[in-house]
Number of protein chains: 2
Amino acid sequence: MRRTESTTRRVAVYTDGACLDNPGMGGWAWVLPDGPYESGFDSRTTNNRMELMAVIRALEALAGFGNIEVVTDSRYVSSCFEERWWEGWERRGWKTASRKPVKNQDLWRPLVGRVLDGGVTFRWVKGHRGNFWNEFADSQANEAARMQTSNRSKIMDSPGWEERYLASRDAKEKQGTPTDELGGDPFEGSTQLF
Amino acid sequence: MRRTESTTRRVAVYTDGACLDNPGMGGWAWVLPDGPYESGFDSRTTNNRMELMAVIRALEALAGFGNIEVVTDSRYVSSCFEERWWEGWERRGWKTASRKPVKNQDLWRPLVGRVLDGGVTFRWVKGHRGNFWNEFADSQANEAARMQTSNRSKIMDSPGWEERYLASRDAKEKQGTPTDELGGDPFEGSTQLF
RNA sequence: UGACACCUACUAAC
DNA sequence: GTTAGTAGGTGTCA
């Protein structure tokens, strides 16, 4: 089941979760820079579950891409893979280092499985530090939590949108407008296509 | 060192701090209703330090009163005593609940000490909600911050002014003009004596 | 003990 | 609408 790397081009997806009153009303969102995004909510959840949901739903929606970089501001999410927490969990039968059951296993188990299938990497960015797409995902997750509403870009209903997204992204990068870097204004010289 | 309650009559002192650009140019002020007031400034400070300074300088200037009610609109100040934050700080060696050093210890430590000596209580009022003396203190603190100047009522140089303040306040209250209540205009039927 | 996130509250400003 | 100064807390892991 291991996927071939670079059958498709790499995409970076920004994910974030929000939770009012933690535990409380939650929201999650993922977004492709200058591309489609999706958000959802839960009426009673935790911040960490929403961070996980954002990643899980992103990987589902982006199944058409072979190489996905998940950008999150949650160490809870990124460290699981970057520091290989999941190896200890499996070795100990899904117990933490202090021998208590790992929380949120209903979300962690499928996610770990999907990541082991390959084609998924993680990048951590500090939250609220001016990373435009991280903050965009944050605002979408917050709106979803606050309004208890979902959003989904219509473009994802039309087949082949992945190739068109990659093409438009490459065109913009040739113009010298990187869509994936910290600090730069990704709207500069570009149009929101989706 | 615990003071005897009601050796002297109770006074309410309104304190406030202001800060332009936080951190930036700051000012503080305290005021006794229809009585003396004092203000001061700092060229580079924070809003919270100015709120603390207002209380500290008030308690110094009002040492002649045995029972002082400090009226502030800062939860940062009032909650320290009303919710006993200081107990946790001392228990944890002046660390916050998240194990980081308590900020502004140079101001907090002497203030906590003074309050523990007794005769000081706190009352919180919401800022900018029409409490006349809170807003008066606010305007004095703002002027001090903006002009970087100090003010101090001359009456405080004449000995025994405390008793005269209490007498004049009681006379006004007999006229039915409470000087210490929210919403009422304390200038109604009264003259600024100091 | 550390880290990150998610909040809640008040104030101060822009 | 935004940011900063500050505290209290929970969600989670090593």
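Numbers restart at 1 for each chain; the letters A, B, ... are given by sequence-line order, proteins then strands.
The aromatic rings of A:Trp89 and A:Trp85 sit tilted, their planes meeting at an angle between 30° and 60°. The aromatic rings of A:Tyr165 and A:Phe65 sit perpendicular, their planes meeting at an angle over 60°, well past the 30° parallel limit.
The distance from atom CD of A:Glu135 to atom C1' of D:dT2 is 11 Å, rounded to the nearest whole Å. The distance from atom CE of A:Met25 to atom P of D:dG11 is 17 Å, rounded to the nearest whole Å. The separation between A:Arg99 atom CZ and D:dC13 atom P is 14 Å, rounded to whole Å. Rounded to an integer number of Å, the gap from A:Asn142 CG to C:C6 P is 8 Å. Remark: C1' of C:C7 and CG of A:Asp73 are 14 Å apart, rounded to the nearest angstrom. Atom CH2 of A:Trp85 is separated from atom P of C:A3 by 13 Å (rounded to the nearest Å). One atom, NZ of B:Lys95, and another, P of D:dT6, lie 17 Å apart when rounded to the nearest Å. For the pair A:Arg84 CZ and D:dC13 P, the interatomic distance rounds to 19 Å; values are reported in whole Å.
The backbone N or O of A:Tyr76 lies less than 3.5 Å from no partner atom in the side chain of A:Ser79, so there is not a single donor-acceptor pair.
The shortest distance between the side-chain N/O atoms of B:His128 and the OP1/OP2 oxygens of C:A12 is below 4.0 Å. Within the structure, every side-chain polar atom (N or O) of B:Asn48 is placed at least 4.0 Å from both OP1 and OP2 of D:dA4. Between A:Arg92 and D:dA14 there is a side-chain polar atom (N or O) within less than 4.0 angstrom of OP1 or OP2. The phosphate of C:G2 (OP1 or OP2) has no side-chain N or O of B:Lys100 nearer than 4.0 angstrom. Not one side-chain nitrogen or oxygen of A:Arg49 sits closer than 4.0 Å to the OP1 or OP2 atom of D:dG11.
Closest to the side chain of A:Arg75, out of C:C6, C:A3, D:dT10, is C:A3. Closest to the side chain of A:Asp16, out of D:dT12, D:dT10, C:C6, is C:C6. Side-chain proximity of B:Thr46 to the nucleotides D:dT6, D:dG8, C:C10 is greatest for D:dT6. Distance from the side chain of A:Trp89 is smallest for D:dA14 among the nucleotides C:C4, C:A13, D:dA14. Of the candidates C:A12, C:C10, D:dT6, C:A12 carries the atom nearest the B:Ala18 side chain, counting heavy atoms from C-beta on. Closest contact between the side chain of A:Asp21 and the listed nucleotides D:dA4, C:U8, D:dA7 involves C:U8.
The base of D:dA4 sits with one of its N or O atoms less than 3.5 Å from a complementary donor or acceptor on the side chain of B:Asn22. For B:Asn47 against C:U11, a side-chain N or O and a base N or O form a donor-acceptor pair under 3.5 Å.
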Might you work through the salt bridge (Lys or Arg N to Asp or Glu O under 4.0 Å) test for B:Arg146 and B:Glu143, ending with a clear yes or no?
CA-CA 5 Å; B:Arg146 233 168 269 281; B:Glu143 180 184 308; over 6 Å; no
May I have the step-by-step check of salt bridge (Lys or Arg N to Asp or Glu O under 4.0 Å) for A:Arg49 and A:Asp106, ending in yes or no?
CA-CA 10 Å; A:Arg49 288 185 69 82; A:Asp106 56 321; 2.7 Å; yes
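Note on A:Val102: only backbone sugar-phosphate atoms sit closer than 4.0 angstrom, heavy atoms only; bases stay farther off. If you check every strand for non-hydrogen atoms under 4.0 Å, A:Gly24 touches nothing. Nucleic acid contact for B:Thr96: sugar-phosphate only, since backbone atoms but no base atoms lie under 4.0 Å from a heavy atom of the residue. Using a 4.0 Å heavy-atom distance criterion, B:Gly26 is classed as making no nucleic acid contact.
Ring centroids of B:Tyr37 and B:Tyr14 are separated by 6.0 Å or more, keeping the two rings apart.
Both B:Cys19 and B:Ser98 lie near RNA chain C, and the one whose nearest nucleotide falls closer to the 5' end is B:Ser98. In terms of position along RNA chain C, the nucleotide closest to A:Glu51 lies nearer the 5' end than the nucleotide closest to the other residue of the pair A:Glu51 and B:Asp138. Toward the 5′ end of DNA chain D lies the nearest nucleotide of B:Asn104, the other residue of the pair B:Asn104 and A:Ser74 mapping further downstream.
For the atom pair B:His128 NE2 and B:Asp138 CG, the distance stands at 4.5 Å (nearest 0.5 Å).
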